[in-house]
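Convention: sequence-line order gives letters A, B, ...; per-chain numbering from 1.
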Amino acid sequence: MSEESKSLNFIEHIIEEDLTNGMSKDDLRFRFPPEPNGYLHIGHTKAIGISFGLGERYNAPVNLRFDDTNPAKEEQEYVDAIKEDISWLGYTWSKELYSSDYFQQLYDWAVYLIKEGKAYVDSQSSQAMAEQKGTPTQPGVDGPYRNRSIAENLELFQKMKNGECEEGSHVLRARIDMKHTNMLMRDPLMYRVLKKHHHRTGNDWCIYPMYDWTHGESDYLERISHSLCSLEFKPHRELYDWFLDQVVASDTIRPKQREFARLNLSYTIMSKRKLLKLVEDNIVSGWDDPRMPTISGLRRRGYTPNAIRKFVETVGVAKRDNVIDVALLEFCIREDLNKTAPRVMAVLDPVKLVITNYPEGKEEWLEAENNQEDDSAGFRKVPFSRELYIERDDFKEQASSNYFRLTLGKEVRLKNAYIIKGERVVKDAAGNITEIHCTYTEDTSKKVKGTLHWVSIKHAIKAEVREYDRLFMDESPDAHPEKDFMEFLNPESLKIITAYVEPSLKDAKIGERYQFQRLGYFNVDKDSSAEKLMFNKTVGLRDSWAKESQSVGSGEKQSEKQSKAQNNQPQRKAIDIIQQLGKKYTNLPEEKQLKTKAEIQEHAKNVSYDDLHPWFNTAAKKVGTRIATMITLRVLLEQGLDKNEDINTFVASGLEDTNEALVTESKNISRL
RNA sequence: UGGCCUAUGGUGUAAUUGGUAACACGUUUGUUUUUGGUGCAAAAGAGUCUAGGUUCGAGACCUAGUGGGCCAACCA
């Protein structure tokens with residue numbers, strides 16, 4: 001129900017319109033066409049979500065078609081990885097297809113185009129052709145081979161196919177218009193000679209079709225109704241349609257290309273080429289390094305298909321460039337894991353805590369809830385003893401009142417255990433705290449502000465924990481024409497630490513996700529073993545204390561923080577306040593208008609003519625703003641400002657307006 | 001000296017031309033809590049880039065301007 005009432009994006013609108021214009025629902029068919037030259041990343045997930053999502057919505061088939069027309073860059077490894085990623089996301093494709101399946105048909109059509117005089121073999125260097133092509137602002141010129149005879153074209157194309165030509169010696173081009181305003185229409189290449197082994201067709205072919213020639217015809221062969229791609233293909237649409245015009249029969253479904261804005265994520269890069277560089281330069285451990293924005297990286301990091309799908313659904317689909325805040329991705333994974341991840345205790349930065357009044361050698365196994373968000377999650381036992389590890393951050397010798405973790409003389413709760421009171425600290429020669437001594441009470445009913453997590457030293461298991469930070473320190477490392485994205489690499493994107501975890505984690509399986517209480521979500525890395533547990537930090541918990549202590553650290557006072565929060569208004573200029581009051585002026589009932597007018601007049605006393613002057617140009621339809629300006633102007637005039645031409649013009653325009661209030665205010669001034 | 005696309009709170013998306021421009025994230029506040037998490041409640045923040053036009057009525061349509069993006073690979 002709620003699904004149906006959800007608003008449609010522009011692609012869904014197009015489909016709905018096609019449906020009401022007579023297209024049958026049964027003719028709906030989509031495709032996802034990755035090139036197998038790299039791993040899928042979070043940006044692809046958007047394209048996947050759109051096409052497969054449409055398939056689910058309309059119960060229509062979605063083909064997985066590998067766009068494998070360039071044997072130089074494409075590999076089986078990538079095909080396998082792409083299939084795994086799509087499946088993992090939970091999508092099912094209708095048919096697994098390859099553009100290379102259509103090489104023969106494409107070839108036959110190309111011959112047909114030559115015979116129709118719509119394609120020709122060009123035998124120039126790529127440089128010569130580029131020169132003839134012109135620029136976006138200058139038309140191209142015809143090349144010397146453009147009017148080759150059909151017979152000669154046929155013969156040469158045959159030779160190209162038979163492997164009798166060297167790479168680079170000839171190409172087949174569509175014969176369209178070298179002066180076209182769209183560069184792509186200036187006799188685009190259809191085929192090039194490439195004597196390379198292809199991952200599927202082996203050495204069958206010496207010529208390979210180009211993207212534009214291949215894509216639309218492949219869509220047509222598969223009877224794709226809506227061919228959805230990202231915005232940079234918009235100029236290709238004209239060519240896509242031209243190629244279709246040559247072959248489409250009037251009684252068949254003609255695919256429609258439509259374009260949406262690709263996904264950009266702050267602090268990350270999406271270019272496959274650049275991601276490949278990170279892999280090749282060993283900046284990361286591989287395509288599935290948990291810092292990578294690849295699907296395999298996110299999977300290894302601990303993200304769930306659910307979270308990623310929710311994310312893609314939330315960012316929406318439109319045509320303007322966008323940068324999505326990583327905070328939204330993090331929100332999605334937290335939201336999912338909060339409901340599903342079992343809670344455990346782990347200490348990442350340990351300091352020893354000794355409970356002096358707890359008997360030496362005693363141990364207890366206390367009951368702990370696995371997940372309070374999930375009633376079916378049950379309970380487990382955690383061992384307690386005299387000597388524990390707690391987080392170094394959870395103790396301060398001297399602390400302000402808003403610190404409600406452990407200090408000397410104060411009580412805090414140990415999660416799932418007792419209440420303790422800090423008594424004294426033991427330090428080494430350098431002054432570092434080596435032990436904290438405390439006493440405990442078994443009365444757990446007391447109200448205390450803070451609760452700490454802990455592990456019993458005797459029972460704790462050592463584990464390697466990998467904490468990740470963003471790979472880049474710039475919000476859009478990609479977007480600086482003057483700077484290479486590698487300059488923004490974060491040298492501290494990976495921190496490997498030794499942590500102590502509760503013994504229940506001994507048999508944790510690869511891939512399992514946990515919440516380390518009060519810290520964040522972690523999953524068991526694929527390199528983990530019974531001898532050496534390894535965890536990846538997926539994402540931290542929200543931490544309002546970190547935020548607050550940071551703002552205190554930066555010298556921001558509590559009062560400053562509050563005043564900043566309060567409407568952001570205290571420091572605003574009088575003229576700005578007046579404009580805001582003006583905006584709402586015409587919507588107010590008369591009584592309130594009077595009140596607002598008085599307010600404006602009050603603020604007007606602090607306005608200079610220079611501040612006010614620009615507002616004389618306010619658009620005619622913004623009546624409220626003009627009224628406010630008029631009221632303010634009157635105050636200034638009454639304070640002794642002389643009238644000038646600009647003022648007279650402004651007042652005259654007010655007198656001519658249809659709004660009564662504005663006319664009244666204008667009259668008030670013209671009488672002065 | 002071009003063509004095409006685009007412009008709505010900080011971010012991302014909505015809004016059969018008609019009620020006070022909605023939702024999510026983020027921010028702030030209060031509250032609950034054996035996680036400074038979660039939940040719950042609330043607040044702040046936009047007259048929709050600018051100027052004209054069409055219309056009884058424009059965020060939406062038209063024109064111009066401005067800003068941003070894309071287009072000159074034998075890549076996809």
Side-chain angles (χ1 to χ4, degrees), chain A residues 6-9 33-35 37 67 69-70 72-74 125-126 129-131 133-140 167-168 170-171 180-184 186 189 191-194 208 210-212 214-215 229 231-238 259 261 266 272-273 314-325 327-332 334-335 338-339 343 345 369 372-373 402-405 413-417 419 444 448-453 515-520 540-549 561-562 564-569 583-584 587 617 619-622 624-625:
Chain A
K6 240 188 78 187
S7 61
L8 305 179
N9 65 46
E35 182 189 10
N37 69 341
D67 220 335
T69 57
N70 186 356
K73 293 200 285 183
E74 293 150 9
S125 68
S126 58
M129 285 189 281
E131 277 165 19
K133 204 164 188 180
T135 70
T137 54
Q138 279 176 317
E167 289 189 11
H170 303 285
V171 292
H180 204 286
T181 51
N182 183 349
M183 297 278 298
L184 290 157
R186 324 239 258 229
L189 265 59
Y191 277 95
R192 74 282 213 192
V193 176
L194 242 34
Y208 289 91
M210 302 288 289
Y211 165 83
D212 287 296
T214 309
H215 205 93
C229 59
L231 230 41
E232 64 268 31
F233 289 96
K234 176 68 222 287
H236 293 249
R237 186 151 115 199
E238 202 171 9
E259 312 82 11
S266 61
K272 273 198 270 188
R273 205 197 86 233
T314 308
V315 300
V317 182
K319 290 172 81 164
R320 52 177 155 158
D321 292 326
N322 58 78
V323 181
I324 313 288
D325 195 334
L328 182 62
L329 220 208
E330 292 177 348
F331 165 80
C332 291
R334 285 194 195 107
E335 189 187 39
N338 175 49
K339 296 199 193 81
R343 321 277 128 136
M345 292 197 285
E369 197 173 9
Q372 52 275 73
E373 305 294 322
N402 63 350
Y403 183 86
F404 36 90
R405 274 112 101 142
R413 185 185 303 277
L414 291 176
K415 181 85 187 168
N416 304 315
I419 288 175
T444 59
V448 292
K449 262 292 211 184
T451 301
L452 311 187
H453 62 274
Q515 184 195 97
F516 289 1
Q517 274 187 315
R518 301 209 304 134
L519 297 174
L541 256 27
R542 280 189 61 189
D543 190 349
S544 49
W545 166 246
K547 237 182 281 176
E548 183 171 337
S549 53
K561 219 173 88 185
Q562 258 163 26
K564 221 161 84 182
Q566 271 167 18
N567 309 345
N568 291 336
Q569 279 184 357
K583 283 176 185 176
K584 297 184 174 162
N587 293 335
N617 296 326
K621 61 185 169 187
K622 294 184 181 172
T625 304

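As rounded to the nearest Å, B:A73 and B:U50 have P atoms that lie 38 Å from one another. Separation of the C1' atoms belonging to B:U35 and B:G47 is 44 Å when rounded to the nearest angstrom. B:A41 and B:C5 are spaced 44 Å apart, taking the P atom of each and rounding to whole Å. B:G57 and B:U38 are spaced 49 Å apart, taking the P atom of each and rounding to whole Å. Between B:A51 and B:C71, the two P atoms lie 32 Å apart (nearest whole Å). For B:G26 and B:G9, the C1' atoms lie 11 Å apart once the distance is rounded to whole Å.
For A:Ser7, no side-chain nitrogen or oxygen approaches OP1 or OP2 of B:U13 to under 4.0 Å. Residue A:Thr314 places none of its side-chain N or O atoms closer than 4.0 Å to OP1 or OP2 of B:C25. At the phosphate of B:A73, neither OP1 nor OP2 sits under 4.0 Å from any side-chain N or O atom of A:Arg192. In terms of phosphate contacts, A:Arg542 brings a side-chain nitrogen or oxygen within less than 4.0 Å of OP1 or OP2 of B:U27. One finds no side-chain N or O of A:Lys449 lying less than 4.0 angstrom from the OP1 or OP2 phosphate oxygen of B:U33. OP1 or OP2 of B:G36 has at least one side-chain nitrogen or oxygen of A:Arg518 nearer than 4.0 Å.
Take A:Thr444 and apply the side chain to side chain donor-acceptor pair (under 3.5 Å) test, not counting sequence neighbours, and it matches no residue. Residues passing the side chain to side chain contact (heavy atoms under 4.5 Å, CB included) test with A:Asn182, sequence neighbours excluded: A:His180, A:Leu184, A:Met185, A:Pro235, A:Glu238. Residues passing the side chain to side chain contact (heavy atoms under 4.5 Å, CB included) test with A:Asp67 are A:Pro33, A:Thr69, A:Ser99, A:Tyr211, A:Thr214, A:His215, sequence neighbours excluded. Listed by chain and residue number, A:Met345, A:Gln372, A:Thr451, A:Trp454, A:Gln517 satisfy the side chain to side chain contact (heavy atoms under 4.5 Å, CB included) test with A:Lys415 (two or more places apart in sequence, or in another chain). Take A:Ser544 and apply the side chain to side chain donor-acceptor pair (under 3.5 Å) test, not counting sequence neighbours, and it matches no residue. Partners of A:Arg413 by side chain to side chain donor-acceptor pair (under 3.5 Å), not counting sequence neighbours: none found. With sequence neighbours excluded, the residues that form a side chain to side chain contact (heavy atoms under 4.5 Å, CB included) with A:Met129 are A:Asp122, A:Gln124, A:Val171, A:Arg173.
Remark: RNA chain B forms stems of 3 or more consecutive Watson-Crick or G-U wobble pairs, all pair distances under 3.5 Å, at B:2-7 with B:66-71, B:10-13 with B:22-25, B:27-31 with B:39-43, B:49-53 with B:61-65.
Put simply, the side chain of A:Arg334 and the base of B:G37 share no donor and acceptor less than 3.5 Å apart. Evaluation of atom-type donor-acceptor distances gives a pair under 3.5 Å for the side chain of A:Gln515 against the base of B:U35.
Take the nearest nucleotide of RNA chain B for A:Gln517 and for A:Leu189: the residue whose nucleotide is more 5' is A:Gln517. With RNA chain B read from its 5' end, the first of the two nearest nucleotides for A:Arg343 and A:Gly316 is the one closest to A:Gly316.
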Tabulate atom names and distances for all N/O pairs under 3.5 angstrom spanning the protein and nucleotides 2-5 of chain B.
{"unit_1": "B:G2", "atom_1": "N3", "unit_2": "A:Pro136", "atom_2": "O", "d": "2.8"}
{"unit_1": "B:C4", "atom_1": "O2'", "unit_2": "A:Lys234", "atom_2": "NZ", "d": "3.4"}

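Nearest nucleotide to the A:Val315 side chain, out of B:G36, B:G12, B:C75: B:G12. Of the candidates B:G36, B:C25, B:A14, the closest approach to any side-chain atom of A:Ala318 belongs to B:A14. Counting only heavy atoms from C-beta on, A:Thr451 has its side chain closest to B:U34 among B:G26, B:U34, B:G37. Nearest nucleotide to the side chain of A:Leu541, out of B:A72, B:G37, B:A76: B:G37.
Under the 6.0 Å cut-off for aromatic ring centres, A:Phe404 and A:Trp545 do not qualify, their centroids lying 6.0 Å or more apart.
Taking both residues in full, the closest heavy atoms of A:Thr135 and A:Arg186 are given as O-NH2, 2.6 Å, listed atom of the first, atom of the second, then distance.
With values rounded to the nearest 0.5 angstrom, A:Glu335 atom CD is found 8.0 Å from A:Thr314 atom OG1.
A salt bridge does not link A:Lys319 with A:Glu259: every distance from a Lys NZ or Arg NE/NH1/NH2 to an Asp or Glu carboxylate oxygen is 4.0 Å or more.
Here B:G47 is in the syn range [glycosidic angle within 90° of 0].
Residue ring and nucleobase are not stacked for A:Tyr211 and B:A76 under a centre distance beneath 5.5 angstrom and an angle between planes beneath 30°.
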